[in-house]
Engineer: 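Following this message is one structure expressed as structure tokens.
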Number of protein chains: 2
Amino acid sequence: MNKSSLRILSTLEHVGGFASAQEIHRIMTRDGKNIGLTTIYRGLQALVGEKVVDILRRDDGEAIYRMCGVAHHHHLVCKNCGRTVEIEGEVIEKWAAREAAANGFREVGHSAEIFGICSSC
Amino acid sequence: MNKSSLRILSTLEHVGGFASAQEIHRIMTRDGKNIGLTTIYRGLQALVGEKVVDILRRDDGEAIYRMCGVAHHHHLVCKNCGRTVEIEGEVIEKWAAREAAANGFREVGHSAEIFGICSSC
DNA sequence: TATGAAAATGACAATCATTTTCATTTCTGT
DNA sequence: ACAGAAATGAAAATGATTGTCATTTTCATA
């Protein structure tokens with residue numbers, strides 16, 4: 001994690017929600033932080049690689065970034081015996097964020113559950 | 001719905017899953033169908049407007065299209081005013097199927113909902 | 001059949017986000 | 001201080017998508 005990545009991360013933290021590379025660059029430039037657009041792209045790539053930052057897409061295809069939150073998990077529940085398995089749901093987080101952004105929603109949360117018949121039943 | 005839109009739709013039907021505008025153009029050109037890339041883009045836009053075709057994004061941001069199926073949808077709900085938007089949830093279907101299979105579950109169903117504050121609130 | 005307005009078409013140029021290149025600068029350890 | 005490595009950013013390249021505009025097609029009506 002190098003210095004500009006940290007500066008980018010701090011900007012991302014400051015804006016709160018999502019921001020595109022170009023927006024981040026505009027903001028940092030406006031605020032007197034001196035940084036090149038190229039460096040922003042590289043920094044964001046690095047942060048995404050380190051899973052510190054999430055990337056998703058606006059409707060027009062522009063990539064937007066946000067700090068990774070504490071990704072909450074979901075449940076797989078047996079309709080018959082009630083056995084519950086905790087599962088990973090990163091795709092759901094992205095889906096929720098993307099759909100919400102596409103429709104102009106803020107302060108987004110979601111629920112998702114899978115139910116079926118477990119192998120023992 | 002004009003003639004080229006129909007030809008595009010038929011191509012899309014033929015390929016089955018998803019295809020980008022460029023891919024559709026490549027396929028139609030290869031198959032001797034004479035059509036310009038611009039017309040493909042316009043036709044796809046029209047089809048999306050008529051809700052005959054769905055648009056989504058590849059990871060690299062390229063737009064891909066498919067015929068609207070009867071794919072069941074999900075809801076994006078405003079916590080404040082209750083406004084509800086129907087949204088696409090193909091990723092959810094896949095996620096549910098994959099996680100269920102990984103854990104040996106059968107007869108799988110799922111629920112997923114996103115909630116937040118809509119742009120008017 | 002002829003005609004003219006409106007819609008459709010497609011070649012080409014423009015736009016815009018993102019990536020690549022490459023010369024220069026900044027670090028890092030010795 | 002010095003060499004080599006990593007980081008930086010300006011500018012050019014890339015690639016998808018959109019805009020422009022002259023030409024062609026469609027189609028209702030005379």
Side-chain angles (χ1 to χ4, degrees), chain A residues 1-12 15 17-68 94 97-99 101-102 104, chain B residues 1-13 15 17-68 88 90:
Chain A
M1 174 98 70
N2 59 32
K3 207 190 295 183
S4 25
S5 290
L6 281 174
R7 293 205 292 153
I8 293 164
L9 197 56
S10 141
T11 302
L12 211 42
V15 302
F18 298 97
S20 72
Q22 315 262 351
E23 283 165 356
I24 293 171
H25 183 239
R26 225 174 294 134
I27 291 167
M28 293 182 78
T29 301
R30 162 158 53 67
D31 295 353
K33 323 278 182 195
N34 193 34
I35 192 168
L37 182 55
T38 311
T39 305
I40 305 254
Y41 275 108
R42 274 192 294 238
L44 285 170
Q45 274 178 327
L47 290 167
V48 168
E50 292 165 30
K51 301 197 192 307
V52 179
V53 160
D54 265 346
I55 177 174
L56 47 148
R57 297 270 166 191
R58 272 211 256 275
D59 260 4
D60 66 354
E62 188 174 359
I64 51 181
Y65 305 83
R66 67 156 179 198
M67 299 186 61
C68 282
K94 288 191 179 167
R98 171 160 36 81
E99 292 293 343
Chain B
M1 173 99 69
N2 59 32
K3 208 190 293 183
S4 27
S5 289
L6 281 173
R7 294 205 290 154
I8 292 164
L9 196 57
S10 140
T11 303
L12 211 42
E13 186 174 21
V15 302
F18 297 98
S20 70
Q22 317 262 351
E23 282 164 359
I24 293 172
H25 183 239
R26 225 176 294 132
I27 290 167
M28 294 182 78
T29 301
R30 162 159 53 68
D31 295 353
K33 324 278 183 195
N34 192 34
I35 191 168
L37 181 55
T38 311
T39 305
I40 305 253
Y41 275 107
R42 273 192 297 237
L44 285 170
Q45 274 178 325
L47 290 167
V48 168
E50 292 165 30
K51 300 195 191 310
V52 178
V53 159
D54 266 346
I55 176 174
L56 47 150
R57 297 270 165 189
R58 283 217 184 90
D59 265 1
D60 67 354
E62 187 175 0
I64 51 181
Y65 304 84
R66 66 156 182 198
M67 298 187 61
C68 282
E88 200 276 334
E90 175 68 15

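Chain letters run A, B, ... following the sequence lines, proteins first and then strands; every chain starts at 1.
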Engineer: Which atom names give the shortest non-hydrogen contact between B/Tyr65 and B/Leu12, and what distance separates them?
Structural biologist: O-CD1, 3.7 Å

Engineer: For a quick test of your reading: what N or O donor-acceptor pairs under 3.5 Å do the side chains of residues 33-45 of chain B make, sequence neighbours left out?
Structural biologist:
| unit_1 | atom_1 | unit_2 | atom_2 | d |
| --- | --- | --- | --- | --- |
| B/Tyr41 | OH | B/Gln22 | NE2 | 2.9 |

Engineer: For B/Val52, check side chain to side chain contact (heavy atoms under 4.5 Å, CB included) against everything at least two apart and list the hits.
Structural biologist: B/Met1, B/Leu9, B/Leu47, B/Glu50

Engineer: Check the phosphate of C/dT9 against B/Ser4, side-chain N and O only, distance under 4.0 Å to OP1 or OP2. Yes or no?
Structural biologist: yes

Engineer: Can you name the residues that form a side chain to side chain contact (heavy atoms under 4.5 Å, CB included) with A/Ile27, not counting sequence neighbours?
Structural biologist: A/Thr11, A/Val15, A/Arg30, A/Asp31

Engineer: Working to the nearest 0.5 angstrom, can you tell me the gap between A/Arg98 CZ and A/Ile64 CD1?
Structural biologist: 10.0 Å

Engineer: Ignoring backbone atoms, test whether A/Thr39 places a side-chain nitrogen or oxygen under 4.0 Å from the OP1 or OP2 oxygen of D/dT8.
Structural biologist: no

Engineer: Listed by chain and number, what are the side-chain hydrogen bond (donor to acceptor under 3.5 Å, both in side chains) partners of B/Ser20, not counting sequence neighbours?
Structural biologist: B/Glu62

Engineer: How close or far is atom C1' of D/dA10 from atom NE2 of A/His25, stated in whole angstroms?
Structural biologist: 11 Å

Engineer: Taking only residues two or more places apart in sequence, or in another chain, which ones meet A/Ala101 in a side chain to side chain contact (heavy atoms under 4.5 Å, CB included)?
Structural biologist: none

Engineer: Taking only nitrogen or oxygen atoms into account, show me every contact under 3.5 Å that the protein makes with nucleotides 18-21 of chain C, one pair per line with its distance.
Structural biologist:
| unit_1 | atom_1 | unit_2 | atom_2 | d |
| --- | --- | --- | --- | --- |
| C/dT18 | OP1 | A/Ala63 | N | 2.8 |
| C/dT18 | OP2 | A/Tyr41 | OH | 2.6 |
| C/dT18 | O5' | A/Tyr41 | OH | 3.3 |

Engineer: Verify the contact: side-chain N or O of B/Lys3 to OP1 or OP2 of C/dT9, cut-off strictly under 4.0 Å; return yes or no.
Structural biologist: no

Engineer: Give every residue pair that meets the salt bridge (Lys or Arg N to Asp or Glu O under 4.0 Å) criterion with at least one member in residues 20-29 of chain B, sequence neighbours excluded.
Structural biologist: B/Glu23-B/Arg58

Engineer: I need the residues from residues 27-35 of chain B with at least one non-hydrogen atom less than 4.0 Å from DNA chain C; give them sorted by number, or say none.
Structural biologist: B/Asn34, B/Ile35

Engineer: Take the protein atom CG of A/Leu6 and the nucleotide atom P of D/dT8, then report the distance between them rounded to whole Å.
Structural biologist: 10 Å

